[in-house]
Amino acid sequence: MKRTSRGLAAAAAVALAVGSLAACGSSDGGGGGSDSKKIAFIQGVSGDEFYITMQCGIEAEAKKLGAKVTTQGPEKFDPTQQKPIVDSVVASRPDAILVAPTDVSAMQAPLKAASDAGIKVVLVDTTVNDPSFAVSQISSDNEGGGAAAFEAIKELAPDGGKVLVVSTDPGVSTVDARAKGFKDAAAKDSSFQFLGVQYSHNEPTQAAKIVTAALQKDPDIVGIFATNVFSAEGSATGIRQAGKQGKVNVVGFDAGPAQVKQLRDGTVQALIAQQPDVIGSDGVQQAIAALDGKSTKKTIQTGSTIITKDNVDGDAKDAVYQSSC
Ligand code: T6T
């Protein structure tokens, strides 16, 4: 399976945080002198290889273009932790903010306020209900990715059966779109029974519990779609705990090192890797264009790769996310 340049291959066959709550990681990166443009990157959550890889793309591009980058992220993918980080970044007056909003509603006002304060806002990965204030939005084809995940499960379980989605939280634009893409594709095939979406709150232990409980209730589940790094990691743990390794097909979004290990050991059958580095570098380009008074692209869709055991050491090798730059 191949890495698409832009867009999914058709169903592809198969802080400075305030208060005690929101401790956050912070780092400096990128180049530029004292009068270089200042870009603040606010991750959805720190320690997630998806956002670490995005940070690497941002820092590399910023270095090329002579901009200075700072990166911060909340400890949890949670708007109550991300909002104080955004407020504090806005108070520090960067030229541009690249941000992955953790909730479509709760992050609307804080990010609009950033834009109203004259800061160029670029939405990377996730979005908000009304993103009209943003100079650009860059993300994967999340709905198409969900549909591709269903096609992958269908290829692995051609006779159909029960399928379940394990997601993070409702209100997160990306994973909601992935779950919708999967559900809509499953609805078109009467040999499959869609068991619904269950929410792990981005906690692998919770995802594992969801999967073990679901398998106790419906031991004949044929496929599980886990919508991101942590749901996939936990779903695979749940499969192992239930002794269903290789018997239930698991397709996960994202490709962190732990997920790739689970693919190699046969707990997970396919991964849909995004291009977080490209989302990041495109984000820097759009921010700089806006600051230079040039036109920007309102939306940019980046590509993805389906990784299986067959291509993980070949064509798909470079699609695996980084743990550090
Ligand atoms: O899947 C990515 C990202 O696209 C999503 O918005 C949140 O979860 C991840 O960061 C992976 O953990």
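Along the sequence shown, the residues carry numbers beginning at 1. All values below come from the heavy atoms of this structure, side chains included, with hydrogens, waters and symmetry mates left out. Each ligand, and each atom within it, is numbered from 1 in the order the structure gives.
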Measure the distance from [atom] to every protein heavy atom, then report the residue, atom name and distance (to 0.1 Å) of the closest one.
atom                    : result
atom 12 (O) of ligand 1 : Asp48 OD2, 2.6 Å
atom 8 (O) of ligand 1  : Asn228 ND2, 3.0 Å
atom 7 (C) of ligand 1  : Tyr51 OH, 3.8 Å

* Indicate, as side chain, backbone, both or neither, the part of Arg178 found under 4.0 angstrom from ligand 1 when only non-hydrogen atoms are considered. =>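 Arg178 to ligand 1: side-chain contact only, backbone stays beyond 4.0 Å.
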
* Asked: Which bit of Phe253 is near ligand 1, meaning a heavy atom under 4.0 Å away: side chain, backbone, both or neither?
  ->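 For Phe253, there is no contact with ligand 1 at all, from either part.
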
* **Between Asp130 and Ser132, a side-chain donor and acceptor under 3.5 Å** =>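 Side chains of Asp130 and Ser132: pair found under 3.5 Å.
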
* Between Asp169 and Asn202, is any side-chain donor less than 3.5 angstrom from a side-chain acceptor? ->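 Not at all, the side chains of Asp169 and Asn202 share no donor-acceptor pair under 3.5 Å.
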
* For atom 3 (C) of ligand 1, which candidate among Thr174, Val45, Asp125 provides the closest heavy atom? ->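 The option holding the nearest heavy atom is Asp125.
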
* Asked: Hey, which of Asp277, Asp254, Thr53 is the one that makes side chain to side chain donor-acceptor pair (under 3.5 Å) with Tyr321?
  ->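 Considering Asp277, Asp254, Thr53, a side chain to side chain donor-acceptor pair (under 3.5 Å) with Tyr321 is found only for Asp254.
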
* Asked: Should Asp313 and Arg264 count as an ion pair when the cut-off is N to O under 4.0 Å?
  ->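 Counted as a salt bridge, because a side-chain N and a carboxylate O are separated by less than 4.0 Å.
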
* **Pair Lys112 + Asp116, salt bridge at N-O below 4.0 Å** =>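 Judged by the 4.0 Å cut-off on N to carboxylate O distance, Lys112 and Asp116 do form a salt bridge.
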
Under a 4.0 angstrom heavy-atom cut-off, which atoms of ligand 1 come close to [X]?
X      : answer
Asp254 : 1 (O), 2 (C), 9 (C), 11 (C)
Phe230 : 12 (O)
Gln274 : 1 (O), 2 (C), 3 (C), 4 (O)
Thr126 : 6 (O)

* Begin from the C-alpha positions of Phe192 and Phe150 and carry the test ring pair (Phe, Tyr, Trp, His ring centres under 6.0 Å) through to its verdict. => CA-CA 10 Å; Phe192 284 89; Phe150 174 73; 4.9 Å; yes

* Asked: How far does CD1 of Ile52 sit from OG of Ser46, to the nearest 0.5 angstrom?
  ->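 Here the interatomic distance stands at 8.0 Å.
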
